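Notes to accompany the following structure.
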Amino acid sequence: MSEVVSYAREGQVGVITVNYPPVNALSHAVRSGLLDALRQGQTDDEAKALLLVCKGRTFVAGADIREFGKPMQEPGLPSVIDAFENSQKPVIAALHGTALGGGLELALGCHYRVALSTAQVGLPEVKLGLLPGAGGTQRLPRLSGTQKALEMITTGNFVSADEAREYGIVDATEEGSSIATIGRAYAEKAINESWPTRRVRDLTDKLEADKNSGVFDEFRANLQKRARNLFSPFKCVDAVEAAFKLSFEDGLQRERELFMECMESPQRAGLVHAFFAERGVSKVPGLSPDTPIRDINRVGIIGAGTMGGGIAMNFANVGIPVRLLEAKQDALDRGLAVIRRNYENTAKKGRITTAQVEERMALIEPTLNYSDLGDVDLVIEAVFEDMGIKKQIFGQLDKVCKPGAILASNTSTLDIDEIASATQRPQDVVGMHFFSPANVMKLLENVRGEKTADDVKATVMALAKRIKKVGVLVGNCYGFVGNRMLHRRGAEAMELVNDGATPQQVDKVLTDFGFPMGQFAMSDLAGIDVGYRIRQERRKAGEDIPPSWADKLAEQGRLGQKTQAGIYRYEEGSRKPIPDPEVDALINAFRQEQGIASREISDQEILERCLYVMINEGAKILEGGVAARPLDIDITWIYGYGFPAYRGGPMFWADQEGLDKVLAGIRQFHERLGGEQWQPAALLERLVKEGKRFGDL
Ligand code: 3HC
């Protein structure tokens, strides 16, 4: 008997138990173990029914993703499921935790399903660039009907046990603590009542009922809007459609072909990389997983502006009380009103109840006094980017906060060590850089200072998970990982326009690549005055910052979305950027004034200059140890800036492009355009020389 799957008889029930932590994924050992155990159950004359149950925190959570891209070892999952479905004795699957992907498909191959009321089921393959490849697209619609099956398969979203019961995906849900006990009772019932071996493949009522609906065309049209650039959601629809058009066997065959197309797609590789990278970022090199974590039971936030308010919401959402501090009463009132409005909008969409709005608001306590921060475990400063003000605030915090409180800054660019120098406790100071809108964006860029204590680093990383963010720990430098690369891309985008591209051409190349928004639309969102103010400060400090056409926009009061005009223009109440001939004229005039000869710029050049400049900077970030691994950069960009996850993040994308090609491009731009940003990173040169990729680091 395999170590990961066991067979034992309890009374008249033959119990097949999977025990393959952490999530009972269907590795080769599990698949062969399942077949062995099933055979044993079949030949055990005393067993009248079989029960499939899992140990640990969950039922099978899917195929073993680590085996993707490697040669497939028999038995394959479809044949295991086939054997379960063809069992002569009824097989009952007992679900707890999350029955996902191949795990749910295995359960659908059983004759009955009982679930713990807290369980969830889903077919999340699409999130990995795949489709359910072990009968899910053929069996699920036979149980749930087409609409629900398409919804679940194309979004990958989980449904609760109760909802699954409503849709016929599970037969019963039970309260309780032991899934093994619940499963056994259910199997005994099946024996006592002589339930037949009911095979899902034979159920056709729901298929018949949905036969002539226009649901497939409707779904495809919908996907054009929400999943335009993606490959696998469309294949999911094709596969479900096959359940209607073809026999079960032929439908399975078609599903397999489509599954293999997805498996071989670069999007699958990108999404699987992103899956593991997201889990990798929490394992920080050099920081022991046993590092103690400080208790965070109350948080103080300084600044009730857009950022501070959004940050406060993150904590209130998970039940952590917040003291929100502002300098003036009216700013505090305004901030609280915005928070309330945000919550009420969420309630209107039905995502939270009105009672929850009040509960969360009650957790946010406004204050004007620093002395109210004396008992908080963590303070996050979220005032605007001014070193003088930040240092003053940290000096103040040093006086009022209790020993051991973590003092964090939400700065997006400034030097954490300099901020820490304003205190007597630099070991407690850290950066916690949230992304706007802070209650929505999943990234939390945690910045370690020179003296930040290990338990502080571990605490802010653990806190990211607690508030449902993805935390990445990075080093201290101007702009850290995310904004340092963004500034390079932003400057290059400006240069491209100087050279002859239009802002809308640059943005279109970026959105076609998969970014939700182009560089210039993003500048309009952030405010044209932000960059302008920074440039003016640097000019005042004597830096040689060349004039730019964006300065002229700012000087004309075209500050972006907030003034309904920036690089684009905006109609009343709309966020849709509309190209503006006035801006084209302004750019032309600027080129003439500066004596720049404009030329036609190809989309290819735009893409290469915008992305290669980021990758070169990313390599320098790795060289300097600001990011520990390429995957930290990838996750920063996927969750902070909407880099398309199906391309795996900038560093993974560079590997896919071929580092030799990327380096050749960088060298060529260096020669043609000059500038420090195009000076090839030594790390990139070394990797190319050694025939390696970022993924090999
Ligand atoms: N295969 C291999 N490893 C897996 C895995 C899988 N399917 N699912 C999770 N893991 C690993 C994670 O990498 C992580 O490993 P680590 O501890 O070394 O980092 C560990 O299990 C725990 O995972 P999480 O940290 O994500 O734990 P959570 O409790 O937060 O979440 C989960 C659990 C909801 C199961 C989540 O891991 C998840 O969504 N997993 C993916 C599920 C999935 O996509 N299944 C479909 C796979 S494709 C498929 O089945 C194809 C089939 O149709 C043929």
Side-chain angles (χ1 to χ4, degrees), residues 4 18-31 34 54 56-70 72-73 75-82 95-109 118-140 149 152-160 232 235-236 239-240 252 255-265 267-269 271-285 289 442 461-462 464-466 468-471 629 631 635 645:
V4 292
V18 182
N19 184 13
Y20 185 55
V23 297
N24 293 310
L26 290 157
S27 64
H28 173 245
V30 172
R31 297 194 305 273
L34 280 167
C54 293
R57 66 202 226 207
T58 181
F59 189 77
V60 173
D64 192 333
I65 304 170
R66 287 164 305 191
E67 289 182 359
F68 290 179
K70 297 182 188 154
M72 167 58 200
Q73 277 182 286
L77 185 56
S79 55
V80 174
I81 295 176
D82 203 49
L95 318 181
H96 75 297
T98 43
L100 302 177
L104 179 59
E105 292 176 296
L106 175 63
L108 297 180
T118 51
Q120 292 182 298
V121 307
L123 292 172
E125 286 87 343
V126 72
K127 295 189 176 166
L128 299 171
L130 286 170
L131 53 86
T137 64
Q138 307 303 296
R139 289 192 180 90
L140 188 63
M152 283 176 66
I153 294 172
T154 60
T155 62
N157 292 343
F158 304 169
V159 301
S160 68
S232 75
K235 301 289 163 187
C236 289
V240 176
L252 272 190
E255 178 195 79
R256 183 90 324 228
E257 287 161 12
L258 293 164
F259 178 77
M260 290 318 293
E261 279 182 38
C262 292
M263 188 59 104
E264 278 147 27
S265 76
Q267 294 199 356
R268 194 276 305 160
L271 286 163
V272 168
H273 169 74
F275 177 87
F276 285 116
E278 178 176 341
R279 281 146 187 87
V281 289
S282 60
K283 299 174 187 113
V284 179
K442 277 193 80 176
M461 289 301 284
K465 274 202 184 138
R466 208 167 142 204
K468 303 190 166 54
K469 302 263 181 228
V470 180
R629 300 151 299 181
L631 63 84
I635 290 299

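Source: prediction; values computed, not measured. Just follow the structure's listing: the first ligand is 1, and inside any ligand the first atom is 1. Numbers here simply count residues along the sequence, with the first being 1.
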Regarding ligand 1, does [X] bring an N or O atom to under 3.5 Å of one of the ligand's N or O atoms?
| X | answer |
| --- | --- |
| G102 | yes |
| P22 | no |
| A61 | yes |
| I65 | yes |

What protein heavy atom sits nearest [atom], and how far off is it?
| atom | result |
| --- | --- |
| atom 49 (C) of ligand 1 | A63 CB, 3.4 Å |
| atom 39 (O) of ligand 1 | L100 CD1, 4.0 Å |
| atom 2 (C) of ligand 1 | D64 OD1, 3.2 Å |

Atoms in ligand 1 with a heavy atom of [X] nearer than 4.0 Å:
| X | value |
| --- | --- |
| P132 | 53 (O) |
| G62 | 45 (N), 50 (O) |
| G101 | 46 (C), 50 (O) |
| A25 | 1 (N), 6 (C) |
| E105 | 52 (C), 53 (O), 54 (C) |
| P124 | 43 (C), 44 (O), 45 (N) |
| V23 | 4 (C), 5 (C), 8 (N), 9 (C), 10 (N), 21 (O) |

Could you establish whether R57 and ligand 1 come within less than 4.0 Å of each other, counting only heavy atoms on the residue side? yes
Contacts of R268 that satisfy side chain to side chain donor-acceptor pair (under 3.5 Å) - sequence neighbours left out: none
Looking only at atom types and distance, does a side-chain atom of [X] sit under 3.5 Å from a main-chain N or O of [Y], one as donor and one as acceptor?
| X | Y | answer |
| --- | --- | --- |
| E105 | G136 | yes |
| Q138 | A239 | yes |
| H28 | M72 | no |
| N24 | T58 | yes |
| S232 | K235 | no |
| T98 | L100 | no |

Relative to atom 16 (P) of ligand 1, which among R268, K283, R279, E125 owns the nearest non-hydrogen atom? K283
Please indicate, with yes or no, if any protein heavy atom is found under 4.0 Å from atom 30 (O) of ligand 1?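 Protein heavy atoms within 4.0 Å of atom 30 (O) of ligand 1 - there are none.
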Rounded to the nearest 0.5 Å, how far apart are CG of L95 and CG of L104?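 Here the rounded value is 7.5 Å.
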Min side-chain heavy-atom separation [X]-[Y] under 4.5 Å:
| X | Y | value |
| --- | --- | --- |
| L34 | L26 | yes |
| H96 | T118 | no |
| V60 | C54 | yes |

One residue to check: K127. Relative to ligand 1, which of side chain, backbone, both or neither has a non-hydrogen atom less than 4.0 Å away?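 Under 4.0 Å from ligand 1, K127 contributes no heavy atoms.
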Does only the side chain of L128 get under 4.0 Å from ligand 1, or the backbone, or both, or neither? Count heavy atoms.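 Answer for L128: side chain.
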Can you pull out every salt bridge (Lys or Arg N to Asp or Glu O under 4.0 Å) where at least one residue sits in residues 273-284? Sequence neighbours excluded, please. none
